[in-house]
Every structure is written in C-alpha cells, then in structure tokens.
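Have a look at the structure below before the remarks.
Predicted model, so just to flag it, every value in this text is computed and none were measured. For the single chain, residues carry numbers from 1 onward in sequence order.
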Amino acid sequence: MLLGAHSGSVSAAAFDSNIVIRGSAEFDSSGSPSDPVNATQAGSLTSIIAGSTSTTTLVGSTITGPDPLSGTLSHIGDGFGINLSASGTGGTEPSGISPLFGDYTFSIENKSAVDSFVVNLQFHYSHQVEAIDTRVLNDNGEFAESQIAFFKADGSELVFSKVVSDTLFGNEKFIPSSPFTDIGSGVGGALSDVGTLLLSFLLNPGDLISFGDSNPDLFVYGGADSGRFSINASSLITVDSVTKQTNNTVPEPETLWLLAVGLVSVLTSKRRHLAFN
C-alpha cells in the first residue's frame, strides 16, 4: 500500500468550506509510460477524498483506472499519492526501464472575503534504490535512481530528495534538509531516504496558491548489464490542518520537519540521468 494511505473509507473532519483544495496525481504527464526491457515496473495513483480512497494502477506500460486521478479535497487527511517501482536482472541480455515519471497538480484557494487561513499540508516521502554488479564488465554497469520533489507552479522547489546507487560512476544522495549537498559515497549497494515534512501556507482573503510545474514530482530510472537493480519510490500529500486566523498570527516557515529525515545510506550515484533540478 502507498506510504501513509488509508484503506477504504474512514471518518474524517471536514475543514472550512472557504478553503478549496483541488488536486491530481498522474503517470508521466508528458506521455505514456514505456515498456520495460527484461525488467518489471509498476505503480499506483491514490486519491483520498472525504476519507474514501480511490486507486489507479500501472503494470508494465498498462494503466488501469483514471489517469490523472483528480478531485476536490474536503476533509482533514484527504490527499493524493504516487508510487513507482521497478526491478531487473541482467545476464545474456541487459535489463532496464526508461525514465518513469509521476506528477502532481495542486491548488489552494481562499474564497472568503474577510478571513485569512493557514493551511498545513503533510508531505510524506520514501524511496529505496539498490544496484548490484555480480560480474564486473567493461560496460555501463548497474544503476538505480530515484528522485522525489514538490514544486510551486512558478518553479520554486519546496521539497527535493534524490538517491542513486551506481556501480560504475559512484553514488549520490541529496536530502530535503540539505538539497544542494551530495552526501553520497561508495559505489553500488542499497540506499534510502524517508521522512515527513510540514508545508505551511498563509492565505489572505481571495488568495490562490498553485503547485506543479514542468518538473516531475517522482522520477525513477534504472538498468543492469550483468547484475541487478531495484527501485521503490512513494510520496503522499495530505491536508494536515486548516486554521482561521483570528489575529495577526505569523505562520511557521514554509517547510518544517515533523520527523527527522530517516536515512539509511549504503551507497548512491553520481549518474544524473534526466535529473530535474
């Protein structure tokens, strides 16, 4: 199940109707997913609306269900999520997937003519990659790359995490608390990054904040010549709270840590295949 997602229908509190939150999650908004080569790939889109969960699935290049999966959020805990995974083993023939993308669009609008609100969104993310070379060859080696991000519509980056395991070019790792510093080391092996962030926005009367631009919000890519690779990446954006402001309350900074970014780092990669920066 997608990280943090609810199952079926649950009871949740409706937030103030002056706040209108619309959103969607989709596979590869620039085109259809490509078939993997001697590998497997899968994914899911999840929407949680009024506590009820809907899901669209991807197996290979076949999508079952609405894509994009969209709607208007109305309750605390509502949101959208994306999961992408892939794996393969090389040998007599190489194994790999083409870059696979997931995209969000979001908007938060304050319909009130007099009241201001602070809207908090929780951004849950988790990704794990591994590349193992079982027989070193003079070739492209094995690599597994995952990137997770969230952008405003103007292109400003709110969240960025990247983990790559690469047996040939070495490993690379960037985390949300230090998105411009590579803390990766070594070559190949397993690597992960997981955490929860609180994104806080003040909306004055009539304000509209939009999210989602030309950059993918999830991106996975991998391949293996003689060894193997695996990738699993998920993100989930949910409504944490909607609070009417009764005085000149100053909201918290736009991005806050709820949980320390969980980090198990056994290698990442300096291969920047189609990295979105």
Item checked: For the student: nearest non-hydrogen atoms of T167 and A131, plus distance -> CG2-O, 3.7 Å
Next item on the list: Could you tell me whether the side chains of N120 and S200 share a donor-acceptor contact shorter than 3.5 Å?
Entry: yes
Checklist line | Check: D217 side chain, Y104 main-chain N or O, donor-acceptor pair, under 3.5 Å | finding: yes
Next item on the list: Anything under 30° is parallel, anything over 60° is perpendicular, the rest tilted; go ahead and classify Y125 against H127.
Entry: perpendicular
Next item on the list: Say whether N38 and E93, considering side chains only, have a donor N or O and an acceptor N or O under 3.5 Å apart.
Entry: no
Next item on the list: Kindly give the heavy-atom pair with the smallest separation between T46 and T53, and that separation in Å.
Entry: CG2-CG2, 3.6 Å
Next item on the list: Mind listing the closest non-hydrogen atom pair of I82 and G102 along with its distance?
Entry: CD1-C, 3.8 Å
Checklist line | Distance (rounded to the nearest 0.5 Å) between K244 NZ and L203 CG | finding: 14.5 Å
Notebook entry, point to check: Side chain of Q245, backbone of T243: donor and acceptor closer than 3.5 Å?
Noted result: yes
Note to self: Under 4.5 Å between side-chain heavy atoms, counting indirect links through other Ile/Leu/Val/Met/Phe/Trp/Tyr residues: same cluster for I63 and L218 or not?
What the structure shows: yes
Next item on the list: Identify the two heavy atoms, one from P33 and one from L100, that lie closest to each other, and give their separation to 0.1 Å.
Entry: CB-CD1, 3.8 Å
Margin query: For a quick test of reading the model, state the closest non-hydrogen atom pair linking G189 to I132 and the distance between them.
Written below: CA-CD1, 4.0 Å
Check: Between F211 and F201, does the ring centre distance come in under 6.0 Å?
Finding: yes
Checklist line | Backbone of P205 reached by a side-chain donor or acceptor of K111 within 3.5 Å | finding: no
Check: According to a 4.5 Å side-chain heavy-atom criterion applied to Ile, Leu, Val, Met, Phe, Trp and Tyr, with indirect links allowed, do I76 and L73 form part of one hydrophobic cluster?
Finding: yes
Check: Side-chain donor-acceptor pair under 3.5 Å between N110 and S112, yes or no?
Finding: no
Next item on the list: Decide if the gap between the ring center of F106 and the ring center of F80 is smaller than 6.0 angstrom.
Entry: yes
Checklist line | Shortest non-hydrogen contact from D225 toward E142 | finding: N-OE2, 2.6 Å
Next item on the list: Indicate yes or no for a side-chain donor-acceptor contact from D166 to the backbone of F169 under 3.5 Å, with no hydrogens or angles considered.
Entry: yes
Note to self: Treating Q41 as the side-chain partner and G60 as the backbone partner, does any N or O pair qualify as donor plus acceptor under 3.5 Å?
What the structure shows: yes
Notebook entry, point to check: Can we say E157 and K152 salt-bridge, meaning some charged N sits less than 4.0 Å from an Asp/Glu carboxylate O?
Noted result: no
Checklist line | Output field: ring centroids Y221/F143 closer than 6.0 Å | finding: yes
Checklist line | Residues S95 and T89: side-chain donor-acceptor under 3.5 angstrom | finding: no
Check: Do D78 and T238 meet the criterion of a side-chain donor-acceptor pair at a distance under 3.5 Å?
Finding: no
Next item on the list: Treating Ile, Leu, Val, Met, Phe, Trp and Tyr as nodes and any side-chain heavy-atom pair under 4.5 angstrom as an edge, say whether I209 and I21 lie in one connected cluster.
Entry: yes
